[in-house]
Amino acid sequence: LAHSFGKCAQLSDAAGGGTRSRDWWPCQLRLDVLRQFSPEQNPLGADFDYAAAFATLDYNGLKADLKALLTQSQAWWPADFGNYGGLLIRMAWHSAGTYRIVDGRGGGGMGQQRFAPLNSWPDNANLDKARRLLWPIKQKYGSAISWADLMILAGNVALETMGVPLLGFGGGRVDTWQSDESVYWGSETTFVPEGNDIRYNGSTDYAARASRLQEPLAATHMGLIYVNPEGPDATGDPKLAALDIRTAFGRMGMNDSETVALIAGGHAFGKTHGASGTALGPPPEAAPLEAQDLGWYNSFGTGNADDTITSGTEVIWSKTPTRWSNGFLNSLFKNEWTLVKSPAGALQFEALNGTRDYPDPFNKTFRRPTMLVTDLALREDPTYRAIAEKWVDDFQGLTDAFAAAWFKLTHRDMGPVSRYLGPEVPKQRFIWQDPLPEAKYPPISEADQEVLKAQILKAPGVNVSSLVAVAWGSASTFRGGDKRGGANGARIALEPQVSWEVNNPKQLRVVLDALTDIKDAFNKKSRTTQVSLADLIVLAGNAAIESAIPATTKAKVKVPFTPGRVDATQADTDPASFAYLLPQADGFRNWRNASAGGAWALASTEALLVDRAQQLTLTAPELVALVGGLRALGAVWDNSARGVLTARPGTLTNDFFVNLLDMETVWTADEGSGGELFTGRDRATGKVRWQATRADLVFGAQAELRAIAEVYAEAGGQERLVADFVKAWAKVMDLDRFDVK
Ligand code: HEB
């Protein structure tokens with residue numbers, strides 16, 4: 001029996017083969033995304049500290065080796081123009097470019113290009129070669145440099161060596177060891193050139209559909225980083241391509257001028273590859289074992305060098321493809337363009353009367369100027385044109401804009417600047433980094449914390465539920481994807497968060513006013529230290545929880561607190577960018593965004609709850625403990641009784657689980673609620689006992705969640721819930737404290 005790697009054996013297979021639960025029940029709610037990247041999976045050890053390893057790195061030696069690599073052409077993959085720069089820049093850009101601001105997922109922060117599906121996306125064709133070229137260097141420096149950092153740094157060194165003055169480099173991207181299954185890449189089952197029907201809802205009205213790309217997606221096709229280089233569905237239309245580019249780059253958090261700078265700057269280098277229409281072999285994930293994780297075997301000619309096939313387009317943008325210049329924009333505006341086909345049959349533009357002075361990468365002959373359909377978008381779209389034309393005669397302007405946009409592209413998924421490592425971190429701060437002021441005072445002492453907690457609990461108009469809800473609202477904007485959000489900065493007191501429905505703005509105001517009074521009084525009195533609103537918000541939640549633990553609980557509990565948060569200003573808070581931190585649902589507070597669009601509108605409430613838990617980097621037991629505790633504390637967004645399955649709300653009990661699992665209650669869906677709301681009645685009398693949502697009942701319905709819920713409902717469950725809730729709560733409050741970790 002011959003086994004072809006990556007293909008299924010005919011009969012059942014060992015190691016998880018055969019027909020699985022997922023095959024039987026494709027729509028079952030899965031908790032897999034809460035079990036990713038567990039420390040036990042890390043070959044470097046559960047307590048590997050990348051920052052410490054990076055501190056031992058010979059950074060300059062590494063950069064020198066990367067620079068030397070650029071011009072050390074290898075026989076197994078000869079370098080175009082004798083320089084791997086273009087290839088490495090494309091690798092870095094495709095690594096960072098999967099980032100979407102909408103949900104903060106994707107991006108270059110985890111070294112995901114090494115794993116499926118990204119390693120086998122058509123758009124990443126032959127980037128397996130780029131990573132393999134880096135292997136000797138990775139091998140030499142070991143765990144002191146992550147693959148994630150190395151891929152970005154290689155792009156930087158290529159750009160610098162070829163003449164772009166960059167802003168710098170921040171290390172700190174920690175490798176993962178498996179595919180990140182939390183990223184929604186779309187629902188299609190085919191790759192580009194098909195694979196975009198669902199994200200556009202079947203529409204082929206290219207002008208209308210561009211901006212309606214299903215959220216949170218940023219790419220126009222399954223298997224592309226951004227847009228089809230031949231224009232929407234290979235229509236060859238640059239104007240329509242511009243609309244796709246605007247949506248795709250916008251979803252990456254880039255404005256029009258950053259977009260033009262990135263494309264005009266990136267395509268100053270290298271070339272595209274479409275030597276022939278010969279079909280390529282399977283991508284790495286489906287390639288035969290002996291190919292050793294390399295894919296896209298090319299049977300045309302030598303299979304590489306001048307015979308390389310990657311995208312199928314065959315374009316050389318600049319007369320100096322290994323040197324930073326304005327060659328791209330000059331060519332774009334100074335030539336007349338005709339739509340032609342590459343040798344592989346892909347649509348592209350050629351200047352038919354242009355001079356043959358664009359160098360062939362290998363044979364010392366020269367070609368006419370060529371461009372991608374998407375490149376022409378920078379000339380045919382009026383807004384892009386105004387920006388691009390200005391830079392034709394302002395090379396310095398393009399250089400500055402490209403350097404800034406490249407830094408943003410490659411760092412915007414890294415979160416706070418306190419995560420950046422290494423000697424090349426720029427001093428300058430950018431608004432997209434969600435900047436925080438320096439702490440000017442030592443963190444408040446434990447004695448002060450106790451004084452403040454006592455004052456908070458006596459403050460007018462607040463109660464356990466509101467204090468807990470506000471602290472949760474402040475910390476729970478964190479997203480593990482791009483490490484944005486969290487309690488530090490107290491941005492819950494600023495726009496747009498202060499107005500979000502999920503934060504119950506009226507109640508939030510009362511709590512913020514009370515806490516601000518306490519803060520002002522404390523700071524007026526104290527000379528040695530000052531308390532921030534951000535710290536007080538978390539401390540208030542902690543105080544409320546400590547006060548809500550019933551006296552009968554056989555454990556003395558203090559909620560851990562890490563002081564030292566600072567308060568951001570509105571000027572340092574871009575409301576448009578922070579709007580993306582609004583969760584599409586917060587099942588923890590039993591809220592669902594009625595106006596959510598895209599894939600979220602289609603997702604079940606319970607799937608959105610698991611999704612949120614994943615962004616908060618929670619495990620399944622942490623998710624269960626937090627929801628049960630928050631419901632018992634009455635910290636639901638609207639202060640309703642829905643989901644609060646307890647007769648004594650505001651007390652940290654295990655009542656939610658005891659009552660949910662009580663067989664004397666019978667649940668039915670409320671008519672007209674679309675299966676979202678439920679009523680629980682006494683089995684014998686029919687009397688209404690409880691109201692609930694899907695984000696409540698899922699803890700009794702989904703077998704694995706139910707198994708955990710039982711633990712909190714059984715003997716010893718009260719003590720266990722208090723201990724586990726407090727631990728998980730403290731974890732959420734500190735998710736963004738990279739400044740102390
Ligand atoms: Fe790029 C290349 C597309 C953007 C950089 N690009 C390339 C290609 C294509 C493309 C198709 C070819 C591939 C082959 O090889 O075949 N892009 C594209 C598109 C876009 C872009 C569609 C959107 C519009 N790029 C971009 C950016 C950047 C870049 C943004 C940066 C910044 N690319 C690049 C480079 C290259 C490319 C560097 C070259 C590579 C070599 O040389 O190899």
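One-based numbering, in listed order, for ligands and for the atoms of each. Quick note: numbers below take in every heavy atom, side chains included, and nothing from hydrogens, waters or symmetry partners.
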As a check for students: among [options], identify the option with a heavy atom nearest to [atom].
atom: atom 40 (C) of ligand 1; options: Ser342, Gly85, Gly270, Gly86; result: Gly86
atom: atom 35 (C) of ligand 1; options: Ala79, Gly266, Ala241; result: Gly266
atom: atom 8 (C) of ligand 1; options: Asn228, Asp123, Thr272, Asn124; result: Thr272
atom: atom 27 (C) of ligand 1; options: Trp93, Phe269, Phe402; result: Trp93

Quick one: sort the [X] and [Y] rings into parallel, tilted or perpendicular, breaks at 30° and 60°.
X: His267; Y: Trp317; result: parallel
X: Tyr226; Y: Trp93; result: parallel
X: Trp147; Y: Trp135; result: parallel

Any N/O of [X] closer than 3.5 Å to an N/O of ligand 1?
X: Trp406; value: no
X: Lys271; value: yes
X: Thr374; value: no
X: His267; value: yes

Which ligand 1 atoms does [X] reach within 4.0 Å, using its non-hydrogen atoms?
X: Phe249; result: 23 (C)
X: Leu372; result: 3 (C), 9 (C), 10 (C)
X: Ile89; result: 38 (C)
X: Val227; result: 22 (C), 24 (C)

Does the side chain of [X] come under 3.5 Å of the side chain of [Y] through a donor N or O and an acceptor N or O?
X: Asn196; Y: Asp233; answer: yes
X: His273; Y: Asp80; answer: yes
X: Asn228; Y: Thr220; answer: no
X: Tyr420; Y: Gln433; answer: yes
X: Trp77; Y: Asn126; answer: no

Can you confirm whether or not the ring centre of Trp391 sits under 6.0 Å from the ring centre of Phe333?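 No; Phe333 has its ring centre 6.0 Å or more from that of Trp391.
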Does ligand 1 have an atom that lies less than 4.0 angstrom from a heavy atom of Trp317?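 The answer is yes: ligand 1 sits under 4.0 Å from a heavy atom of Trp317.
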What protein heavy atom sits nearest [atom], and how far off is it?
atom: atom 43 (O) of ligand 1; value: His273 CE1, 3.5 Å
atom: atom 32 (C) of ligand 1; value: Leu262 O, 3.3 Å
atom: atom 24 (C) of ligand 1; value: Ile263 CD1, 3.5 Å

Check: Gln113 side chain, Met91 main-chain N or O, donor-acceptor pair, under 3.5 Å: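 Checking the backbone N and O of Met91 against the side chain of Gln113, a donor-acceptor pair under 3.5 Å is found.
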